A.B. asks: 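Handing you this structure, nothing more for now.
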Amino acid sequence: MPARSIAIAGAGIGGLTAALALARIGCAVTLHERATVLEEAGAGVQLAANATRCLKALGVYERVAEQAVFPTDFAVIDGQRGTRLSGGPMGAQAEARFGGPFLVIHRADLQAALLDAVREVPAITLRLGHTLESFAQDAAGVALKLRNADGEATLTADALIGADGLRSVVRGALQPQAKPSFRHRAAWRATVPVEALPTRLTDKVTRLWLGPGAHLVTYPVKAGRAINLVAVTPDAREVHGWSEAGGRDELLAHYRGWCADARLLLDAPERWLRWALFDLDPLTRWGEGAVTLLGDAAHAMPPFLAQGAAQAIEDAMVLAAELADAPDIPAALRRYEAARLPRTARVQRAARGMDRIYHLKGPARLARDLVMRAQSESAVLERYRWIYDWRA
C-alpha cells in the first residue's frame with residue numbers, strides 16, 4: 001500500500017513539526033512555503049513542559065536544547081517600583097512538577113533546529129517559493145494550485161493541512177468569515193548582547209514587568225548570549241508583519257515613570273521592530289473533507305500565555321496520532337479537530353484574559369498586585385497546570 005500523501009501549506013514552527021510527526025507514522029509529506037528562504041524573524045519563544053515533551057517524542061529535543069536556555073526562576077515585577085510581585089522556581093523543580101523541562105529560545109533557532117531535522121527525513125519534501133493559491137477536493141483527495149517563480153504548479157494529495165498562519169489561505173477558503181481580530185496593541189521586539197547589560201539582568205530568569213497599560217518580558221536566548229525583550233504597548237495601527245521599524249522614543253514614551261532597571265533594558269537595543277497584535281475568535285470548526293487547519297491558522301492567540309508555538313506543536317502530535325493507521329482520512333481529521341478545539345479555545349480565551357490582567361490601571365491594578373503578593377510560589381505554578389500537564 002503506498003504511503004498516504006499529505007500536503008502542508010506553511011513551513012513555520014507548526015508546519016515543520018507536523019511534517020516530522022506525520023513522517024514518523026509513514027506519510028509522504030510535502031511542505032509548501034511561499035518564502036524562498038526560511039529566515040524566521042520573530043522574537044523569543046517560551047516552551048513549557050507540554051511542548052518540550054512533544055519535542056522529545058519527535059526526537060528533536062536535543063537539537064532545540066543546544067541553543068536554548070533553561071530558566072531557573074521566573075519573576076513578576078512591578079514595572080514602576082521595581083519590586084517583585086510574584087514568581088517561583090523553574091528548572092528542576094518545575095520539570096519535576098509537570099514532567100518536562102521549560103526552556104526559552106530565539107524563534108529563529110527553534111525553526112532552524114526543526115528545519116535541520118526535516119531535511120534529514122527522506123519522506124518529507126520541502127518546496128520553498130511555492131505559494132498556495134487555491135485547492136479543490138474530490139473523491140480522490142485534494143488538488144492544490146500553487147505559484148512559484150516559474151509560474152503555476154499543481155499537486156494532488158490525500159490531505160491538505162493549512163499551517164499557513166494568521167492570514168491563512170486555507171482558512172480563508174474554508175471559512176471566509178473568520179477574520180483576524182486586532183487587539184489594539186503592538187509588540188516591540190529586540191535582542192541585546194549580554195555584554196551590554198549588567199549581570200543582574202542577564203541571569204537565567206524569565207521576567208515579566210507589569211505597569212499601567214503596558215508590560216515588558218525579558219529572558220535570555222542564544223544559549224545565554226543575548227537577552228530577548230518584548231514590550232507590549234497600546235497601539236491603533238493595524239499594520240501587520242514582523243519587520244515594521246519602531247522608533248525608540250515612541251516606545252520609551254509608554255514607559256515613563258518605570259523603574260531604572262526596566263528603563264535600562266528598554267534603552268539598550270539599537271533597533272526595535274514592532275508588530276500589531278491580532279488573534280482569532282475561537283472557531284467552531286476547522287476543516288472539511290480531507291482539509292484541516294493547524295497552529296495560528298486555526299487558533300491564533302495573543303502572546304500573553306506564551307502558548308502560541310506550544311499549541312501548534314500539540315496540534316501536530318494529535319494530528320499524527322489520529323491519522324496513524326486510519327483508513328478514513330476525513331474521519332481522522334474530524335477526530336483531530338474534536339480533540340483540539342476545546343483545548344485551544346480555552347487557551348485562546350485565557351490569553352485574552354491575561355491581556356486585561358496585565359494592563360490594569362488605577363485601583364484595579366493595586367488590587368491585582370495585592371493578590372499576586374499573597375500567592376505562594378506553588379499556587380502560581382499550579383494555576384497553569386491545566387496547560388503544562390497536557391499529554392499527547
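This structure is a prediction, so every number in the text was calculated from the model and none was measured.
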A.B. asks: Does a side-chain N-to-carboxylate-O contact under 4.0 Å join Asp164 and Arg34?
C.D. replies: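 Here Asp164 does not pair with Arg34 in a salt bridge, since their nearest N and O are not under 4.0 Å apart.
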
A.B. asks: Salt bridge or not between Asp109 and Arg63? Use side-chain N to carboxylate O under 4.0 Å.
C.D. replies: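 Here Asp109 does not pair with Arg63 in a salt bridge, since their nearest N and O are not under 4.0 Å apart.
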
A.B. asks: Short question: side chain of Tyr255, backbone of His215 - any donor-acceptor pair under 3.5 Å?
C.D. replies: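 Yes.
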
A.B. asks: Can you tell me if Arg343 and Gln348 form a side-chain donor-acceptor pair at under 3.5 Å?
C.D. replies: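 Arg343 vs Gln348: no donor-acceptor pair found between side chains.
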
A.B. asks: Treating Glu33 as the side-chain partner and Ala11 as the backbone partner, does any N or O pair qualify as donor plus acceptor under 3.5 Å?
C.D. replies: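 Checking the backbone N and O of Ala11 against the side chain of Glu33, a donor-acceptor pair under 3.5 Å is found.
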
A.B. asks: For Ser5 and Asp158, indicate whether the former's side chain and the latter's backbone hold a donor-acceptor pair under 3.5 Å.
C.D. replies: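 Looks like yes, one N/O pair under 3.5 Å.
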
A.B. asks: Treating Tyr219 as the side-chain partner and Gly44 as the backbone partner, does any N or O pair qualify as donor plus acceptor under 3.5 Å?
C.D. replies: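 Present.
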
A.B. asks: Please say yes or no: joined through hydrophobic side-chain contacts below 4.5 Å, possibly via intermediate residues, are Val205 and Leu208 part of one cluster?
C.D. replies: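 No, because Val205 and Leu208 fall into different hydrophobic clusters, even though each may have its own neighbours under 4.5 Å.
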
A.B. asks: Looking only at the side chains, is there a donor atom on one of Gln46 and Thr206 sitting less than 3.5 Å from an acceptor on the other?
C.D. replies: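 No - no donor-acceptor pair under 3.5 Å links their side chains.
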
A.B. asks: Do Arg383 and Gln375 get their side chains close enough for a donor-acceptor pair, meaning under 3.5 Å?
C.D. replies: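 Looking only at side-chain atoms, Gln375 and Arg383 do not form any donor-acceptor pair under 3.5 Å.
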
A.B. asks: Dump the intermediate steps for ring pair (Phe, Tyr, Trp, His ring centres under 6.0 Å) on His359 and Phe304, then the final yes or no.
C.D. replies: CA-CA 11 Å; His359 304 119; Phe304 307 134; 5.7 Å; yes

A.B. asks: Please work out whether the ring planes of His299 and Trp286 are parallel, tilted or perpendicular, with thresholds of 30° and 60°.
C.D. replies: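 Correct class here is tilted.
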
A.B. asks: Tell me, with the steps shown, if Phe74 and Phe102 meet ring pair (Phe, Tyr, Trp, His ring centres under 6.0 Å).
C.D. replies: CA-CA 11 Å; Phe74 78 96; Phe102 287 64; 9.1 Å; no

A.B. asks: Examine the side chains of Gln80 and Arg256 and answer whether a donor and an acceptor come within less than 3.5 Å of each other.
C.D. replies: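 The criterion, which ignores hydrogens and geometry beyond distance, is not satisfied for Arg256 and Gln80.
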
A.B. asks: Could you tell me whether a side-chain N or O of Arg385 sits under 3.5 Å from a main-chain N or O of Trp390, the two making a donor and an acceptor?
C.D. replies: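 Side chain of Arg385 to backbone of Trp390: no pair is present.
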
